[in-house]
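The block underneath contains the structure these notes are about, expressed in structure tokens.
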Protein chains: 2
Amino acid sequence: MAVRIDEMDRKILSQLQEDASQSLDEIARKVGSSKTPVWNRIRRMKEQGVIGRQTVILDPEALGLEACFFVLIRTSEHEAEWQQKFLRTLRERPEVLEAHRLAGDIDYILKVRVQNARAYDAFYQALISEVKIYNVTALLSMEEIKSTTLLPL
Amino acid sequence: MAVRIDEMDRKILSQLQEDASQSLDEIARKVGSSKTPVWNRIRRMKEQGVIGRQTVILDPEALGLEACFFVLIRTSEHEAEWQQKFLRTLRERPEVLEAHRLAGDIDYILKVRVQNARAYDAFYQALISEVKIYNVTALLSMEEIKSTTLLPL
DNA sequence: GGTGAAAAATGGTGGAC
DNA sequence: GTCCACCATTTTTCACC
């Protein structure tokens with residue numbers, strides 16, 4: 001997974017993160033290079049998987065997704081089969097935006113975006129009916145102080 | 001913040017989320033419309049703020065950001081001035097990718113991306129030296145099961 | 001609100017240095 | 001590896017339905 005990235009690559013990535021709709025010429029000018037080398041570097045980084053999906057960030061509130069929960073999960077089951085099913089469920093559910101397996105006494109954390117508390121409860125009921133879970137704590141977000149996809153470069 | 005979005009808008013947003021590098025023609029064809037109306041709808045939704053930043057998703061591992069922590073914070077301070085400073089600190093720190101104020105006994109949750117455990121400790125020390133915090137629990141991610149910016153439409 | 005065409009800008013490629 | 005110029009595609013605007 002380790003990939004050689006030099007200063008010029010970092011500058012290009014930074015520009016792309018900031019605004020991927022910029023033209024090649026514009027990016028080239030800002031990073032102090034010209035079109036072809038910038039284009040070649042971008043192509044290489046896409047092939048290597050450093051650069052992934054190109055997307056737009058939507059406003060969840062405007063789309064009626066007004067509730068955001070962080071869900072802390074403890075489980076008693078640690079068998080492979082149980083885990084497979086659990087992971088599949090999480091990946092299939094579009095309201096699960098993030099899922100991590102953790103070190104320590106909490107086993108998993110999820111970030112879940114839904115319309116409202118009732119929609120969260122529906123998700124929760126569906127989840128626990130599909131897989132056995134020992135303990136669940138839901139943390140309700142009152143205010144999104146910060147939310148960014150921009151990685152520090 | 002509530003905005004009128006019809007079925008066609010949703011289809012367009014879905015396509016843009018999936019792949020923002022698609023041409024207008026391609027999007028128009030997929031949603032069963034044509035170029036100009038799709039373009040007008042996209043422009044309107046950008047003005048309304050439904051569509052925000054256009055960006056690329058980078059692979060954190062490839063960039064050497066191999067550690068991801070979720071940080072649960074309890075604080076004894078609830079004064080306006082303290083909060084102002086705390087929020088400013090979070091917004092300024094690029095390693096803080098998400099920050100939410102919570103309901104319940106945990107006051108804040110952060111998602112923090114750093115190179116390694118040492119870099120996290122540096123962040124943690126900097127944070128507690130800037131603002132007084134009652135209790136901090138760091139959850140270390142062992143495995144990113146899912147991470148998406150695609151909102152359910 | 002949709003269609004089609006035309007002008008301006010951009011992406012992608014190949015050749016010279 | 002960088003610069004430059006070329007052409008096909010795409011974006012963006014506009015007049016018309």
Side-chain angles (χ1 to χ4, degrees), chain A residues 1-65 148-151 153, chain B residues 1-64 148-153:
Chain A
M1 266 297 187
V3 173
R4 290 176 51 86
I5 299 283
D6 65 15
E7 261 316 298
M8 182 58 75
D9 288 329
R10 292 193 119 79
K11 285 188 194 170
I12 294 170
L13 291 177
S14 181
Q15 286 301 320
L16 285 176
Q17 282 201 121
E18 275 290 329
D19 180 3
S21 73
Q22 291 176 98
S23 73
L24 275 178
D25 280 325
E26 214 167 337
I27 295 170
R29 190 175 47 77
K30 286 186 186 168
V31 303
S33 180
S34 59
K35 219 165 68 163
T36 314
V38 170
W39 192 82
N40 283 323
R41 282 163 183 269
I42 291 175
R43 188 170 48 79
R44 182 173 46 78
M45 290 192 282
K46 279 184 179 164
E47 282 166 9
Q48 290 173 330
V50 180
I51 298 176
R53 185 193 293 278
Q54 181 162 337
T55 189
V56 293
I57 303 303
L58 305 182
D59 178 2
E61 311 271 334
L63 296 164
L65 297 168
T148 184
T149 61
L150 305 189
L151 299 179
L153 299 171
Chain B
M1 265 299 186
V3 173
R4 289 175 50 87
I5 299 284
D6 65 15
E7 260 316 297
M8 182 58 76
D9 288 329
R10 292 193 118 79
K11 284 188 194 168
I12 294 169
L13 291 177
S14 181
Q15 286 301 320
L16 285 176
Q17 282 201 124
E18 274 291 328
D19 179 4
S21 71
Q22 291 176 99
S23 74
L24 274 180
D25 276 326
E26 213 166 341
I27 295 170
R29 189 176 47 76
K30 286 187 187 167
V31 302
S33 180
S34 59
K35 228 163 46 171
T36 312
V38 170
W39 193 82
N40 283 325
R41 282 163 183 268
I42 290 174
R43 189 168 48 80
R44 183 173 46 79
M45 289 192 284
K46 279 183 179 166
E47 283 165 9
Q48 290 173 331
V50 180
I51 299 177
R53 187 193 292 278
Q54 181 162 335
T55 190
V56 292
I57 304 303
L58 305 183
D59 178 0
E61 310 272 334
L63 296 164
T148 183
T149 60
L150 304 188
L151 300 179
L153 299 172

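Only a predicted model underlies this, so the values are computations on that prediction, with no experimental measurement involved.
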Report yes if the side chains of [X] and [Y] come closer than 4.5 Å at any heavy-atom pair, otherwise no.
X        : Y       : answer
B:Asp25  : B:Lys35 : yes
A:Val3   : A:Met45 : no
B:Gln48  : A:Asp59 : no
B:Thr149 : B:Thr55 : no

*Among A:Arg44, A:Arg4, A:Arg43, find the residue that satisfies the salt bridge (Lys or Arg N to Asp or Glu O under 4.0 Å) test when tested with A:Asp9.*
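Result: among A:Arg44, A:Arg4, A:Arg43, A:Arg44 is the only option passing the salt bridge (Lys or Arg N to Asp or Glu O under 4.0 Å) with A:Asp9.
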*asked:* From the set C:dG12, D:dT2, C:dT10, return the single nucleotide nearest to any side-chain atom of A:Pro37.
replied: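 Of the options given, the side chain of A:Pro37 lies nearest D:dT2.
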*Any donor-acceptor pair under 3.5 Å linking the side chain of B:Arg53 with the backbone of A:Asp19?*
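Pair absent, no side-chain N/O of B:Arg53 close to backbone of A:Asp19.
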So what does [X] touch, heavy atoms closer than 4.0 Å: a base, only the sugar-phosphate, or nothing?
X       : result
B:Leu24 : base
A:Thr36 : base
B:Ser34 : sugar-phosphate

Round to a whole Å and report the spacing from [atom1] of [X] to [atom2] of [N].
X       : N      : atom1 : atom2 : result
A:Glu7  : D:dG1  : CD    : P     : 18 Å
B:Leu16 : D:dT11 : CG    : C1'   : 14 Å
A:Asn40 : D:dC3  : CG    : C1'   : 12 Å
A:Ile27 : C:dT10 : CD1   : P     : 11 Å
A:Glu26 : D:dT11 : CD    : P     : 16 Å
A:Asp25 : C:dG12 : CG    : P     : 12 Å
A:Gln54 : C:dG11 : CD    : C1'   : 12 Å
A:Arg41 : D:dC3  : CZ    : C1'   : 15 Å

*Pick the nucleotide of DNA chain C nearest each of A:Ser21 and B:Ser33; which residue has the one closer to the 5' end?*
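Its nucleotide being nearer the 5' end, the pick is B:Ser33.
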*Would you mind reading off the bend of the helix from C:dG1-D:dC17 to C:dC17-D:dG1 from its two end axes, five pairs each, to 10 degrees?*
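Comparing the axis at each end, I get an angle of 20°.
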*Could you tell me whether the side chain of A:Lys35 has a donor or acceptor atom within less than 3.5 Å of a complementary atom in the base of C:dG11?*
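Answer yes: a donor N or O sits under 3.5 Å from an acceptor.
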*Please assess B:Glu7 against B:Lys11 for the test salt bridge (charged side-chain N to carboxylate O under 4.0 Å, His left out), listing each intermediate value before the final yes or no.*
CA-CA 6 Å; B:Glu7 260 316 297; B:Lys11 284 188 194 168; 5.9 Å; no
